Structure formats: structure tokens, C-alpha cells
Colleague: 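Below is one structure. I have some questions about it.
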Amino acid sequence: MQKTRLDTARIRAARQVIDPVFLDTPLYRCEALEPGLGCRVSIKLETANPVRSFKGRGTEVVASLLAENGSRDVVCASAGNLGQALAWSGRGRGLDVTVVASRFATRAKLDRIRALGARLELVDGDHEAARERAAAIARRDGIRLVEDSLDIETCEGAATIGLELADAATSFDAVLIALGGGALATGVGHVLKAMAPEVEVICVQPLGAPAMTHSWRGRRVVTTDSTNTIADGVAGRCPIPAVLDDLLLVADDAVLVQEASIIAGMRMLLDHAGLVVEPSAALGIAAILEDRDRFAGRHVATIVCGSNVDVDAYHHWVNAALTPRP
């Protein structure tokens with residue numbers, strides 16, 4: 001395999017600085033999902049931790065290095081999950097954390113960032129506007145800017161999930177990974193290509209936020225003017241070139257799924273796995289629903305990556321999934 005920015009030895013070392021509360025998350029075959037999907041399905045549950053998403057793995061690595069170097073101030077832009085994770089990791093190490101987010105971000109995520117002790121600054125516009133503001137704060141104050149997916153620590157923290165998948169007693173034919181900024185996909189993909197190259201790495205993105213998928217398919221950065229998806233955790237418009245370079249080396253495919261399929265996936269995870277998940281976490285199930293023939297008879301693992309969801313919106317979505325079609 002050609003070299004990505006990631007290093008398997010560093011990924012293994014990351015496990016030593018990540019709080020064990022984020023490690024060795026449940027991985028199990030969910031037979032109740034299988035009749036409706038037509039394949040064997042295993043779930044990697046990345047929501048059973050204090051920040052209810054996989055992001056804590058990466059922020060633990062970032063915060064550990066900052067504390068080791070004597071740094072106290074750090075800023076990031078976040079749609080919600082990274083901000084919570086950095087606030088949690090920073091609080092435990094005495095860091096002053098500032099999170100910049102869109103004022104239109106999920107309220108439950110914003111409330112949790114505040115509750116974890118971070119300073120929260122809201123901006124008009126979307127996540128890209130938040131990224132610009134966070135960078136401006138870092139320049140003005142001379143503090144560390146954490147850029148999800150660009151900062152290698154965020155990718156290698158996420159990549160520890162790949163170690164756990166590769167070390168599992170059961171082998172998989174394919175792993176379905178939510179694709180946003182790319183930290184999860186490049187991290188897990190790197191490990192699987194290094195340790196289990198026979199496993200197909202498939203990235204999944206909403207049709208309403210397709211920038212990284214279009215970039216992967218075109219082998220060049222493709223930006224979009226806007227996004228239109230309920231999957232706020234993966235709703236980026238401007239892929240990072242270095243992350244795309246890594247993704248091109250580790251992803252076997254990148255697919256786009258419709259909003260109705262995402263909602264149907266959320267409903268299936270509730271009904272058949274007892275899991276309340278945010279839309280980004282249902283992308284893998286959505287991909288199977290839209291292409292059953294591709295996965296028929298195969299053993300597929302999907303990473304359930306987050307469960308920070310607005311309760312009212314969630315009820316609206318899953319109840320809509322029950323509405324009979326005309």
C-alpha cells in the first residue's frame with residue numbers, strides 16, 4: 001500500500017494515551033437487522049462513552065500532546081461532536097477550550113459543549129464559516145487550532161477503531177464508514193488496508209452533502225456551495241486536500257445515499273437494535289438499503305459513530321419513517 005499520512009505504530013501508541021472509556025467499544029452481530037437487509041450485519045458501537053461519539057478517541061490524543069507540551073489554550077470548529085469531545089478531553093487536562101459552531105447546529109450538541117465547560121462561540125452560516133472563525137481566533141490569540149481530519153491526531157485516534165475491527169475474532173467482507181471530513185474513513189481505512197486488505201472499505205455520504213465523495217470519484221478536490229441533509233455531522237462543503245489524498249489510498253468505494261434511506265436506517269436501528277442514533281450513524285444501514293444486491297450474502301460491519309441528536313427532530317424523523325407511502 002502507498003503511504004498515507006498515518007502511521008500504524010503511532011496508531012497503536014495512541015491507545016496508551018486514550019482514556020479506556022473510549023476504547024474496545026462493543027462489536028457484535030445484530031441478527032435482528034439481517035432479515036430486512038439481506039446480509040450479515042455487525043455493529044461497532046461508538047456511542048457508549050461520555051461524549052456519545054467516536055470523536056473522543058482523537059481529542060484524547062490531541063489533548064494529551066497539548067498538556068505534555070504545556071499548552072493551555074485550544075480552539076476548534078465543530079458541528080457538535082468534536083466540540084464535545086475536545087471539551088471533555090480538555091477539561092480532564094486543565095485546558096481552556098473554545099469551540100466555534102454554527103448557531104444552526106443541533107441544540108443538544110451545543111448545550112453539551114457548554115455543560116462540559118468549553119467557551120462556545122456561535123456564528124451565522126454553516127460549518128465552513130465556523131472553520132474560518134476558529135482559524136481567525138487561533139491567529140489572533142496565538143493558540144492551537146485543532147482541525148478535524150487535517151490534524152493527524154484526530155485521524156489516528158479514530159484509526160484505533162480499525163485496530164479493534166482488524167483484531168476481531170470474526171472477519172468481515174466490507175466495512176461501511178460514514179464520510180464527512182474524513183478522519184474516521186482515512187483512519188479506519190488505513191488500518192484495514194494494512195492489516196486486513198481483503199476487507200472492502202466503503203465510505204458513505206448523504207446525497208445532500210456530496211463534496212468528499214465527488215472529490216474521491218474525480219481524484220481532485222470538489223467543493224459545493226451548500227449542503228442539504230439532516231446528517232449534520234458529515235455536512236461539509238470544502239474537502240481538505242491532504243485528507244483526500246489519504247482517502248484515495250484507502251477507500252475502495254464512496255457512495256451517496258438519499259435522506260429517506262438515512263431515516264429508514266435510523267428507524268431500523270431503533271426497532272431492531274434498540275439504538276437511538278444521529279443521522280450520520282445510520283449511513284451504513286442506508287447504503288445497504290439502497291443496494292441490497294451488492295451486499296447479499298456478505299458479512300458487513302458498520303460503525304455507529306454518534307448518538308447526539310435533538311430529541312424532537314429525532315421523533316419527527318423516525319415517526320415519518322412509519323408513514324405509509326401513497
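Sequence positions, counted from 1, serve as the residue numbers for this chain. Computed from heavy atoms alone, side chains included, the values below leave out hydrogens, waters and symmetry copies. A quick note: this is a predicted structure, and the numbers were derived from the prediction, not measured.
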Colleague: After noting the C-alpha distance and the side-chain angles of Glu68 and Arg93, does the key distance pass the salt bridge (charged side-chain N to carboxylate O under 4.0 Å, His left out) rule?
Modeller: CA-CA 10 Å; Glu68 183 181 308; Arg93 293 171 175 82; over 6 Å; no
Colleague: Between Gln205 and His214, does a side-chain contact (heavy atoms from CB on, under 4.5 Å) hold up when you go through it step by step?
Modeller: CA-CA 10 Å; Gln205 200 164 40; His214 287 332; over 6 Å; no
Colleague: Check Arg131 with Asp148, please: is the shortest side-chain N to carboxylate O separation under 4.0 Å?
Modeller: no
Colleague: Would Ile240 and Ile152 show up in the same hydrophobic cluster when neighbours are defined by side-chain heavy atoms closer than 4.5 Å?
Modeller: no
Colleague: Using side-chain heavy atoms (C-beta onward) and a distance below 4.5 Å, is Leu110 in contact with Val99?
Modeller: no
Colleague: Looking only at side chains, do Ser71 and Arg144 share a donor and an acceptor under 3.5 Å apart?
Modeller: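 No pair is found: no donor N or O on one side chain lies under 3.5 Å from an acceptor on the other.
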Colleague: Would Val255 and Leu184 show up in the same hydrophobic cluster when neighbours are defined by side-chain heavy atoms closer than 4.5 Å?
Modeller: no
Colleague: Applying the 4.5 Å side-chain criterion to the ILVMFWY set and letting contacts propagate, would Val175 and Val250 be lumped into a single cluster?
Modeller: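 Unlinked, Val175 and Val250 end up in two clusters.
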Colleague: Evaluate the side-chain proximity of Glu153 to Leu65: yes if any heavy-atom separation is below 4.5 Å, no if none is.
Modeller: yes
Colleague: Any idea which heavy atoms bring Thr59 and Ala85 closest together, and the distance?
Modeller: OG1-O, 3.1 Å
Colleague: How about Leu145 and Arg139: do any of their side-chain heavy atoms sit closer than 4.5 Å?
Modeller: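 A side-chain contact is absent here, since even the closest heavy-atom pair is not under 4.5 Å.
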Colleague: Among Asp310, Leu82, Val309, Asn308, find the one that has a side chain to side chain contact (heavy atoms under 4.5 Å, CB included) with Lys109.
Modeller: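 The side chain to side chain contact (heavy atoms under 4.5 Å, CB included) with Lys109 is passed solely by Asn308 among Asp310, Leu82, Val309, Asn308.
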Colleague: Is Glu156 paired with Arg5 through a side-chain N to carboxylate O contact shorter than 4.0 Å?
Modeller: no
Colleague: Quick check: closest heavy atoms across Met266 and Glu278, and the distance to 0.1 Å?
Modeller: CE-C, 4.4 Å
Colleague: Is there side-chain contact between Thr4 and Thr186, with heavy atoms separated by less than 4.5 Å?
Modeller: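 Counting from C-beta outward, Thr4 and Thr186 never come under 4.5 Å.
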Colleague: Verify the neighbour count for atom CZ of Arg29: are there more than 12 heavy atoms of other residues, nucleotides or ligands below 6.0 Å?
Modeller: yes
Colleague: List the steps, then state whether side-chain contact (heavy atoms from CB on, under 4.5 Å) holds for Phe22 with Val51.
Modeller: CA-CA 9 Å; Phe22 295 108; Val51 298; 3.7 Å; yes
Colleague: Examine Leu247 and Val222 and state if one hydrophobic cluster contains both, with Ile, Leu, Val, Met, Phe, Trp and Tyr joined whenever side-chain heavy atoms are less than 4.5 Å apart.
Modeller: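 No, no single cluster joins them.
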Colleague: Going by heavy atoms in the side chains, are Pro206 and Val234 under 4.5 Å from each other?
Modeller: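 The answer is yes, as the side chains (C-beta and beyond) meet within the 4.5 Å cut-off.
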Colleague: Go through it in stages, so that I can follow the logic: the residues are Asp124 and Arg133, the test is salt bridge (charged side-chain N to carboxylate O under 4.0 Å, His left out), and I'd like the CA-CA distance, side-chain angles, deciding distance and then a yes or no.
Modeller: CA-CA 10 Å; Asp124 293 319; Arg133 176 56 182 161; over 6 Å; no
Colleague: Report yes or no: do Val123 and Ile113 belong to one cluster of Ile/Leu/Val/Met/Phe/Trp/Tyr joined by side chain heavy-atom distances under 4.5 Å?
Modeller: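 The answer is no; the residues belong to distinct hydrophobic clusters.
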Colleague: May I ask you to test the Val257-Val204 pair for a side-chain heavy-atom distance under 4.5 Å?
Modeller: yes
Colleague: Counting C-beta onward and ignoring hydrogens, is there a side-chain heavy-atom pair between Asp173 and Arg40 closer than 4.5 Å?
Modeller: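 Side chain of Asp173 against side chain of Arg40, heavy atoms only: contact under 4.5 Å found.
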Colleague: Which of these, Thr223, Asp126, Asp225, sits in a side-chain hydrogen bond (donor to acceptor under 3.5 Å, both in side chains) with Arg237?
Modeller: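 By the side-chain hydrogen bond (donor to acceptor under 3.5 Å, both in side chains) criterion, Arg237 pairs with just one of Thr223, Asp126, Asp225: Asp126.
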Colleague: In terms of side-chain heavy atoms, does His299 have a donor or acceptor partner in Ser171 at a distance below 3.5 Å?
Modeller: no
Colleague: Is there side-chain contact between Asn319 and Arg267, with heavy atoms separated by less than 4.5 Å?
Modeller: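 They are in contact (side-chain heavy atoms under 4.5 Å apart), so the answer is yes.
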